[in-house]
There are 2 protein chains.
Amino acid sequence: MKKQGLSGVEWSILNSLWENNEMTVKEVQGSIQDLQDKAYTTIQTYLERMVKYKYLKKRKRGSINFYYPVIDRESILKQETTSFLSKIFNGSVSNLAAFLLSTDNISKEDLKKLKSILAEEEKKHE
Amino acid sequence: MKKQGLSGVEWSILNSLWENNEMTVKEVQGSIQDLQDKAYTTIQTYLERMVKYKYLKKRKRGSINFYYPVIDRESILKQETTSFLSKIFNGSVSNLAAFLLSTDNISKEDLKKLKSILAEEEKKHE
DNA sequence: CTATATTTACTACAGGTGTAGTATTGCTAC
DNA sequence: GTAGCAATACTACACCTGTAGTAAATATAG
């Protein structure tokens with residue numbers, strides 16, 4: 001079968017690795033709240049599978065494995081966003097925004113930030 | 001294990017059913033491009049599993065099964081959107097918008113629509 | 001009515017995914 | 001240098017998911 005999109009945990013792991021460049025199993029576990037109560041080998045399995053699927057590579061320092069990302073954050077972001085938007089909102093952010101507004105699912109702050117981002121964009125293209 | 005989010009196909013099926021109230025296997029297959037070249041029983045399996053997971057129910061008319069949705073479109077939209085945004089964009093639409101703008105991944109039309117939706121909202125709250 | 005086609009109900013199977021156990025290897029503190 | 005702890009490598013297992021085959025029931029055309 002084909003690998004699905006990234007799961008929440010895989011995403012957290014990637015975020016940690018993008019920030020820290022390379023990490024051991026233990027460090028990864030330490031950095032992610034949701035993994036705190038999981039078995040050490042569970043995290044190991046995640047990491048090994050992500051290597052298998054070419055999201056990561058590993059390198060040994062001494063006898064310890066260090067994992068590091070070999071995929072680009074921006075391209076994954078784009079891929080996940082595109083697939084989400086096209087699946088649910090016919091590919092359109094404005095549809096998403098319309099939904100959030102009409103159902104009151106956006107915070108005041110976020111709405112404000114959204115407006116200011118767009119205003120900013122406006123300026124740039126004057 | 002836990003059911004993942006809705007797959008693309010499941011989403012299409014739900015959309016068809018929300019529009020048509022109830023449909024047979026054949027009708028579902030006919031209504032979705034991506035299922036055209038799949039075996040009839042593949043669609044049947046999708047539908048039966050969606051019944052098992054309580055997205056749908058079925059009712060017999062004569063000896064034919066008709067499937068219909070028992071979940072609310074809006075609540076699923078909300079659930080999927082929330083989980084996507086929190087997974088990838090820290091729960092914030094403005095982060096998503098910022099990403100799309102900075103990487104030039106939004107069409108002119110969509111951007112225009114987005115602005116007009118926000119302007120509209122502005123008016124409503126005067 | 002009977003041969004054919006449709007539909008259902010059930011089964012199957014490979015690969016994904018969350019979760020973790022076990023055996024072995026290697027490090028560390030006496 | 002050895003007992004114990006930590007890390008690696010490997011294996012396991014149940015449920016998910018895409019895909020579909022098969023047998024039995026039912027409808028349909030002639």
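To find a chain, count down the sequence lines: A is the first, B the second, and so on, and within it residues start at 1. Computed from a predicted structure; not experimentally measured.
Not one side-chain nitrogen or oxygen of K3(B) sits closer than 4.0 Å to the OP1 or OP2 atom of dC15(D). Considering only side-chain N and O atoms, T45(B) lies nowhere under 4.0 angstrom from the phosphate OP1 or OP2 of dT17(D). For dA9(D), the OP1/OP2 oxygens have a side-chain nitrogen or oxygen of K60(A) closer than 4.0 Å. Phosphate proximity of dG18(D) to Y46(B): present, with a side-chain N or O under 4.0 Å from OP1 or OP2.
Contacts between residues 26-43 of chain A and DNA chain C, defined by a heavy-atom separation below 4.0 Å, involve K38(A), A39(A), T41(A), T42(A), listed by number. Sorted by residue number, the list of members of residues 10-24 of chain B with any non-hydrogen atom under 4.0 Å from DNA chain C is empty.
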What does the list of N/O pairs under 3.5 Å between the protein and nucleotides 25-30 of chain C look like, with a distance for each?
none

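Note: K115(B) NZ to K115(A) NZ = 14.5 Å, rounded to the nearest 0.5 Å.
Backbone-only contact: V25(B) has heavy atoms under 4.0 Å from sugar-phosphate atoms and none from a base.
No option in I106(A), D110(A), L111(A), L118(A) other than D110(A) meets the side-chain contact (heavy atoms from CB on, under 4.5 Å) test with S94(B). The salt bridge (charged side-chain N to carboxylate O under 4.0 Å, His left out) test with E22(A) is passed by exactly one of K60(A), K57(A), R59(A): R59(A).
Around atom NZ of K3(A), more than 12 heavy atoms belonging to other residues, nucleotides or ligands sit under 6.0 Å away.
In this structure, NZ of K54(A) is placed 16 Å from C1' of dG16(C), rounded to the nearest angstrom. Atom OH in Y55(A) sits about 11 Å away from atom C1' in dG16(C), given to the nearest Å. The nearest whole Å value for the distance from the CD atom in Q4(B) to the C1' atom in dG15(C) is 14 Å. Look at CG on N65(B): it is 5 Å from P on dT8(C), rounded to the nearest Å. Put simply, CG on L47(B) is 15 Å from C1' on dT17(D), counting in whole angstrom units. Look at CD on E48(B): it is 15 Å from C1' on dA20(D), rounded to the nearest Å. Distance, R61(B) CZ to dT6(C) P: 22 Å, rounded to whole Å. If you measure from atom CD1 of I64(B) to atom P of dT6(C), you get 11 Å, rounded to the nearest angstrom.
S12(B) places a side-chain N or O within 3.5 Å of a backbone atom of G8(B) that can act as its donor or acceptor partner. Judged by distance alone, with hydrogens and angles left aside, the side-chain atoms of W18(B) form no donor-acceptor pair with the main-chain N or O of Y68(B) at under 3.5 Å.
A heavy-atom distance below 4.5 Å is found between the side chains of T24(B) and E27(B). Proximity of R49(A) to E10(A): side-chain heavy atoms (C-beta onward) are nowhere separated by under 4.5 Å. You'll find the side chain of T81(B) reaches within 4.5 Å of the side chain of L85(B), heavy atoms only.
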Steps toward side-chain contact (heavy atoms from CB on, under 4.5 Å) verdict (L96(A), L100(A)): CA-CA 6 Å; L96(A) 166 57; L100(A) 291 176; 3.9 Å; yes
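Residues N105(A) and T103(A) have side chains that bring a donor and an acceptor to within less than 3.5 angstrom of each other.
Along DNA chain C, the nucleotide nearest to M1(A) and the one nearest to R49(B) differ in position, and the one closer to the 5' end is contacted by R49(B).
Counting atom types as modelled, Q44(B) pairs no side-chain N or O with a base atom of dA20(D) as donor and acceptor under 3.5 Å.
In this structure, F89(B) and F99(B) have tilted ring planes: the angle between them lies in the 30° to 60° band.
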